[in-house]
Each structure stands twice: as structure tokens, then as C-alpha cells.
Amino acid sequence: MAHPYPIREIARQAGLSEATVDRVLNNRGGVRDSTTLEVHQAIKDLDRQRTQVRIGGRTFMIDIVTQAPERFSSAVRAALEAELPALRPAVMRSRFHFRETGPVEELIATLDRIAQRGGCQGIVLKAPDIPEVTAAVGRLAAVGLPVVTLVTDLPSSARRAYVGIDNRAAGATAAYLMGQWLGDRPGNVLTTVSRGSFRGEEEREMGFRSALRNARPGRTLVEVTDSDGLDATQRDLVLRALRRDPDIRAVYSIGGGNTATIQAFEELGRGYEVFIAHDLDHDNTRLLRERRLSAVLHHDLRQDMRRACQIIMRAHGALPDDGPSLPSPIQVVTPYNMPSDAA
């Protein structure tokens, strides 16, 4: 494919050898399809970033590693690229490593490859809080690579900082709204978690459960988990929960998959009185506009990505230290106060 970039620059962006990139660009074969896609994606990333590159200023290459549904990873990419001009005179270059699900060994291998390949100044990471990931973050820190955790933390790891909301406070906020809207009416609440190993989701659930118990001690919570937030698995899990419990009247979606959750209600001819979700991604924006969600707890992902980049720059002495990072503000978004830049 036509491009204006030296092979060396494409190889650095893709994290591959120059020989491999040369084979892909000249159609010599001998490479996996996934590798070919990585080369083409690197060229697309360079196309988007070239307007941010200027002669002079300090250049930072950061790797964004997330385990999340595509709708969230796409929002992360868009948020970061929208913030790049504001980070001048430094130049931030980015490589993306997105996965929706899969063995933890693959995630660990990605982190280890980043350390081995070099050329990276920092990592923004969304990953489950398990010992293997904590150990991998320790290896990155040991070679001087600062890691910033995004929206879900790894508090016992050697990560440099966490950026995102106070998840426990977000869960308590959802419980407050749920209590106000349901009032004294009977009914159980379905809580949906993508995977229990994500610290952020666990904290949201704990905050929700504690606040709801204090306000409405007789309200029963029904949990659905391990869907990875993917519609394909979420629908079946919710269907089983609804069939088991005819008294479910409300939903607190902690981990996403909301289109599938609503489809499950509709398939059984069931309704709900309150549905609270997180993040104004494409799905939730549409569902909120259609009045199929009651409210979305949202925060400024662009602000998170800007802060993550600044933390990495501070780790390399490019910016002065300004103290600990505070949680991002939580916005309660309804159909009547949606941000102008909603997806």
C-alpha cells in the first residue's frame, strides 16, 4: 500500500522488525495475516498522528494496552488522539494493543514484548487485577517503564498512578439514583459485571451494594458476571437470570453489554423501571437518546488520557511533579443533559 513513511518508522510504530515490514509492504509472503494487519494498522496510525509531529520538542512513544469491549477501546483511541495537539510542544506517539477477551498469558506476553522491543516511554493499561498482571507491571517498572492504570486500578502493583473515577463512589451514586427512582416499590435489581477480576468493577459493585443496603435493606441484588461485557455472552446470561427471578425490576450495568441486556428483557416480554449504566460510548449514547436507559454515569475520557500522558512525561522529568492525581469527576447524564460531543 502507498505511504510516505520510511520502513524504519513503520517498524517502530508496529513494534516489528524492519525485515518483517519490508516483506509485508512488498508482498513477499512468509508472514502471518495478523502481522500484515499490524503493519497496515501502523500506517493508519501514522497517518492520523503525522499532523501532531513537529520538528523539535520531545517525543514520547506510549503503548495503550486494554482488555475491554471494542466500543470502549475505540473511545480510548479517539480520546487520546483528540488530546494529542494539547500536549505540545512535546510530541506523543501511540501504539494500540486492544483485546476484548482471551487467556491472560496473551496479555502478559504483550506487556513483556513491549519491554523487550524498546522504544517505549510509558504504558497506559486496563487489565484485570490478578497476580500475573501485577508481576508483569513490576517487570516493566524494573526497566524504567512507567505504567498508568486506566479506569480500573492495580493498587498492589508498581504502577505509577491511576487515572479514572472513584469507582466506589460511582457505585454509591448509582445506588442513590436507584433508590430515588424505585422508591418503596417492590422488585429486585440485576447487577451486571463483565469480569470479577477487574478492580474497578468490583469497587463499583461494593459501593452500590453498601449504599443500597443502607437505604433499602430489603432490596435483593441478582448478579450476572463473566460476560466480558460482550453482547454475545451477555444476552444468554441475562436471559437465565430473568427466567430464574421474575421479580427483577431494575438494572445497574457495571460492565456493559447493555444492548444485549435490553434484548433479553424484550425477548421475554419483560420490562424494567430503572436502568443505570456507565460511559457514553456509542451503544449507551443511542440507548439513552431512545430513553431505554434512565441515566449514564460518565466521565471525561479525554481528560483521563491527557492526565495519563502527563504522568508519563513527569516520570521522565519533562514536566514538574504536581502531586497526587485526583479522581475524575462523575457526571450523571440523562437524555436532557447529554454532552455536545457525545458519541
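Small disclaimer: the values here were computed from a predicted structure and weren't measured. Residue indices begin at 1 and follow the sequence shown.
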Pairs involving residues 62-71, ordered by first then second residue, that meet salt bridge (Lys or Arg N to Asp or Glu O under 4.0 Å) (sequence neighbours left out): Asp63-Arg95, Arg71-Asp281
Test salt bridge (Lys or Arg N to Asp or Glu O under 4.0 Å) applied to Arg249 - qualifying residues, sequence neighbours left out: none
Inter- and intrachain pairs under side chain to side chain donor-acceptor pair (under 3.5 Å), touching residues 304-313, at least two apart: Glu83-Arg306, His299-Asp304, Asp304-Ser328, Arg307-Ser325, Arg307-Ser328
Rounded distance [0.5 Å steps], CD1 in Ile254 versus NE2 in His278: 6.5 Å
Set of salt bridge (Lys or Arg N to Asp or Glu O under 4.0 Å) partners for Arg160, sequence neighbours left out: none
Within 6.0 angstrom of Arg291 CZ, more than 12 heavy atoms from elsewhere: yes
Residues Asn258 and Asn284: side-chain donor-acceptor under 3.5 angstrom: yes
Which atom of Val21 lies closest to which atom of Ala11, heavy atoms considered: CG2-CA, 3.7 Å
Any donor-acceptor N/O pair, Gln13 side chain to Ser94 backbone, under 3.5 Å: yes
Path from Phe60 to Leu150 over hydrophobic side-chain contacts below 4.5 Å: yes
Flag, side chain of Ser210 to backbone of Met206, donor-acceptor distance under 3.5 Å: no
Would you be so kind as to tabulate the donor-acceptor pairs closer than 3.5 Å made by side chains of residues 108-115, with sequence neighbours excluded?
| residue | atom | partner | partner atom | Å |
| --- | --- | --- | --- | --- |
| Thr110 | OG1 | Glu106 | O | 3.1 |
| Thr110 | OG1 | Arg113 | NH2 | 3.3 |
| Asp112 | OD1 | Arg139 | NE | 3.1 |
| Asp112 | OD1 | Arg139 | NH2 | 3.2 |
| Asp112 | OD2 | Arg139 | NH2 | 3.2 |

Contacts of Glu273 that satisfy side-chain hydrogen bond (donor to acceptor under 3.5 Å, both in side chains) - sequence neighbours left out: Arg185
Residue of the set Trp181, Tyr252, Phe265 for which ring pair (Phe, Tyr, Trp, His ring centres under 6.0 Å) holds with Tyr272: Phe265
Salt bridge (Lys or Arg N to Asp or Glu O under 4.0 Å) pairs, two or more places apart, involving residues 164-184: Asp184-Arg216
Same apolar cluster (I L V M F W Y, side chains within < 4.5 Å links), Val193/Leu230: no
For Asp228, all residues meeting side-chain hydrogen bond (donor to acceptor under 3.5 Å, both in side chains), sequence neighbours excluded: Thr101, Arg195
Side-chain (Thr152) to main-chain (Arg199) donor-acceptor, under 3.5 angstrom: yes
Residues, nucleotides or ligands: over 12 heavy atoms within 6.0 Å of Asn337 CG: yes
Gap between atom CD1 of Ile7 and atom CZ of Arg23 - 0.5 Å precision: 11.5 Å
Pairwise distance CZ(Arg219) to CZ(Arg213) - rounded to 0.5 angstrom: 14.0 Å
Residue list, salt bridge (Lys or Arg N to Asp or Glu O under 4.0 Å) with Arg12, at least two apart or on another chain: none
Hydrophobic cluster partners of Phe198 (side-chain heavy atoms under 4.5 Å): none
OG on Ser73 to CD1 on Ile64, rounded to 0.5 Å: 10.5 Å
Short N-O contact, Asp245 and Arg270, less than 4.0 angstrom: no
Spatial distance of atom OG1 (Thr36) from atom CD (Glu38) [nearest 0.5 Å]: 9.0 Å
Spatial distance of atom CD1 (Ile62) from atom CG (Leu145) [nearest 0.5 Å]: 12.5 Å
With sequence neighbours excluded, residues passing side-chain hydrogen bond (donor to acceptor under 3.5 Å, both in side chains) with Asp153: Thr149, Arg159
Sidechain-backbone polar pair: Tyr162 side chain, Ile165 backbone, donor-acceptor under 3.5 Å: yes
Counterpart residues, side chain to side chain contact (heavy atoms under 4.5 Å, CB included), relative to Asp231 (two or more places apart): Thr259, Ala260, Asp283
